[in-house]
Q: 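My questions will all concern the structure given below.
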Number of protein chains: 2
Amino acid sequence: MSNAKVLPLLEPEAVAPCCPPLTERPMSADEAEVAAKMFKALGDPVRLRLFSAVASHEGGEACVCDISDVGVSQPTVSHHLKKLKEAGLLSSERRGTWVYYRVEPSVLAAMGALLAGAAKAA
Amino acid sequence: MSNAKVLPLLEPEAVAPCCPPLTERPMSADEAEVAAKMFKALGDPVRLRLFSAVASHEGGEACVCDISDVGVSQPTVSHHLKKLKEAGLLSSERRGTWVYYRVEPSVLAAMGALLAGAAKAA
DNA sequence: TGTCTATGTTGACGTTTATCGATACAGGTG
DNA sequence: CACCTGTATCGATAAACGTCAACATAGACA
């Protein structure tokens with residue numbers, strides 16, 4: 001598999017326009033379901049560190065071997081990276097021996113817009 | 001109690017400066033612990049709807065009675081509002097018969113800054 | 001082919017969480 | 001005072017979650 005698009009994950013196009021600013025109107029149940037998945041993905045300390053490690057790496061992309069030092073076992077790291085992928089926050093690609101994860105910018109932009117609106121509310 | 005500051009909750013001053021942009025450098029374990037608590041609070045669909053209902057209400061403040069129609073029981077609503085309060089995202093005040101919840105802007109600003117940085121990374 | 005390394009998957013275990021009904025508390029009204 | 005309404009707490013239960021050890025898979029290289 002040379003392409004990650006065949007995986008049945010959340011696609012950026014599907015989640016990016018999901019979220020009106022939190023202050024605009026009460027979220028519907030469906031909107032909340034989608035948006036909560038993204039927040040939940042960042043709601044674990046280990047996942048947040050892994051995500052930050054990828055995001056802060058050169059080019060917004062990192063090999064698993066570069067970010068695995070977060071104090072948990074290798075299977076646990078793999079499990080968390082999978083969760084981040086399922087939430088649409090990361091994508092992965094195998095290049096030879098190593099697997100590289102990269103941040104999904106459109107989804108983050110959507111989340112940032114969500115919160116930026118709420119912050120200026122009061 | 002006419003003042004919410006006496007409660008042993010996360011104070012805005014304590015969490016606001018916790019978070020460098022996600023892309024700046026890998027988060028430390030301590031930073032991730034604090035930041036993950038905020039994301040986790042918004043990582044539930046019901047809580048996200050409750051928060052959005054408060055944030056979108058006039059003045060960023062709403063009575064519980066105005067936002068309780070989210071499809072779960074009254075104790076569950078109360079439980080989720082408590083969680084949001086413990087995460088520092090909402091504050092509450094009793095005024096006569098009703099209890100009003102209001103958004104805590106500084107914490108949201110911190111979260112927004114976190115994500116805004118990550119969005120522009122790639 | 002076989003072996004070594006990097007990563008993902010499986011199965012199990014203990015902890016946390018979301019939810020509810022029942023109940024308690026607080027404040028207004030009679 | 002008694003009663004009603006709005007909100008919080010308690011106790012129980014089922015589901016989800018984080019973690020690990022063991023195993024599986026994929027690619028590189030000899």
Side-chain angles (χ1 to χ4, degrees), chain A residues 1-4 6-9 29 32-33 36-51 53-54 57 61-87 90-102, chain B residues 1-4 6-9 29 32-33 36-51 53-54 57 61-87 90-102:
Chain A
M1 59 172 145
S2 62
N3 196 329
V6 297
L7 295 172
L9 304 175
E33 203 77 37
K37 279 204 183 88
M38 305 189 297
F39 283 112
K40 186 190 253 180
L42 295 181
D44 178 88
V46 173
R47 277 199 295 271
L48 200 49
R49 292 186 70 190
L50 288 171
F51 182 84
V54 173
H57 214 260
E61 156 179 304
C63 169
V64 176
C65 56
D66 291 328
I67 60 176
S68 296
D69 194 17
V70 286
V72 295
S73 70
Q74 177 269 321
T76 301
V77 169
S78 190
H79 169 250
H80 284 307
L81 288 172
K82 185 182 184 181
K83 285 288 194 87
L84 287 167
K85 212 164 100 173
E86 288 172 351
L90 293 179
S91 59
S92 71
E93 182 189 359
R94 171 158 227 138
R95 290 209 285 273
T97 303
W98 297 281
V99 176
Y100 291 81
Y101 282 80
R102 121 165 19 106
Chain B
M1 58 171 141
S2 61
N3 196 329
V6 296
L7 294 172
L9 305 176
E33 203 78 36
K37 280 204 182 87
M38 306 189 297
F39 283 112
K40 185 190 248 179
L42 293 181
D44 178 271
V46 173
R47 278 199 295 271
L48 201 49
R49 292 186 70 189
L50 287 171
F51 182 84
V54 173
H57 214 260
E61 157 178 304
C63 169
V64 176
C65 58
D66 291 327
I67 59 176
S68 297
D69 194 17
V70 286
V72 294
S73 70
Q74 177 269 322
T76 301
V77 169
S78 190
H79 169 250
H80 283 307
L81 288 172
K82 185 183 185 180
K83 285 288 193 86
L84 287 168
K85 211 164 100 173
E86 288 171 350
L90 293 179
S91 58
S92 72
E93 182 190 358
R94 172 157 227 139
R95 290 209 285 273
T97 303
W98 296 282
V99 175
Y100 290 81
Y101 282 79
R102 124 167 13 111

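Residue numbers start from 1 in every chain, and the chains themselves are labelled A, B, ... in the order their sequence lines are given, proteins ahead of strands.
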Q: Could you check how far CZ of B:R95 sits from C1' of D:dT7, rounded to whole Å?
A: 15 Å

Q: When you get a sec, tell me which of C:dA6, D:dA8, C:dT9 is the closest nucleotide to the side chain of B:Y101?
A: D:dA8

Q: I need the CD-C1' distance between B:E86 and D:dT9, as an integer number of Å.
A: 13 Å

Q: Could you work out which one of C:dA18, D:dT7, D:dG18 sits closest to the side chain of B:C63?
A: D:dT7

Q: When rounded to the nearest 0.5 angstrom, what is the spacing between OG in A:S92 and CG in A:L84?
A: 11.0 Å

Q: Provide, to the nearest angstrom, the distance between the OH atom belonging to B:Y100 and the P atom belonging to C:dG27.
A: 14 Å

Q: Measure CG/A:D69 against P/C:dT7 and give the value in whole Å, please.
A: 13 Å

Q: By nearest nucleotide on DNA chain D, pick out whichever of A:G96 and B:V64 is the more 5' one.
A: B:V64

Q: Return the value, rounded to whole Å, for the distance between atom NZ of A:K85 and atom P of C:dT9.
A: 8 Å

Q: Ignoring hydrogens and angles, does a donor from either the side chain of B:Q74 or the base of D:dA8 sit under 3.5 Å from an acceptor on the other?
A: yes

Q: Counting C-beta onward and ignoring hydrogens, is there a side-chain heavy-atom pair between B:I67 and B:V77 closer than 4.5 Å?
A: no

Q: According to a strict under-4.0 Å criterion, is A:K83 in side-chain N/O contact with OP1 or OP2 of D:dG18?
A: yes

Q: Quick one: which of D:dC17, C:dG8, D:dT9 gets closest to the side chain of B:S78?
A: D:dT9

Q: Within the pair B:R47 and C:dA18, is there a side-chain N or O less than 4.0 Å away from OP1 or OP2?
A: yes

Q: Looking at the side chain of A:V46, which of C:dT7, D:dT19, C:dT19 is the nearest nucleotide?
A: D:dT19

Q: Let me know, please, whether A:K40 or A:T97 comes out on the 5' side of the other along DNA chain D by nearest nucleotide.
A: A:K40

Q: Under the 3.5 angstrom rule, does the side chain of A:R47 hit a backbone N or O of A:H80 as a donor-acceptor pair?
A: no

Q: Out of D:dG18, D:dC20, C:dT7, which nucleotide sits closest to the side chain of A:H79?
A: D:dG18

Q: Would you say B:T76's side chain and B:V72's backbone share a donor-acceptor pair under 3.5 angstrom?
A: no

Q: May I ask you to say what A:V77 touches in the nucleic acid, namely base, sugar-phosphate or nothing, with a heavy-atom cut-off under 4.0 Å?
A: nothing

Q: Check whether any side-chain N or O of B:S73 sits under 4.0 Å from OP1 or OP2 of C:dC20, and answer yes or no.
A: yes

Q: In whole angstrom, give the distance that lies between atom CG of A:D44 and atom P of C:dT17.
A: 11 Å

Q: Check this one for me: any side-chain N or O of B:K82 less than 4.0 Å away from OP1 or OP2 of D:dT9?
A: yes

Q: Would you mind reading off the distance between B:L81 atom CG and C:dA18 atom P, rounded to a whole angstrom?
A: 13 Å

Q: What contact category does A:H80 fall into here, base, sugar-phosphate, or nothing, at under 4.0 angstrom with non-hydrogen atoms?
A: sugar-phosphate

Q: With a 4.0 Å cut-off on N to O distance, would you call A:E61 and A:R95 a salt bridge?
A: yes

Q: Nearest 0.5 Å, please: how far is NZ in A:K85 from CZ in A:R102?
A: 11.5 Å

Q: Starting at atom CG of B:L42, determine the distance to atom P of C:dA18, rounded to an integer number of angstrom.
A: 12 Å

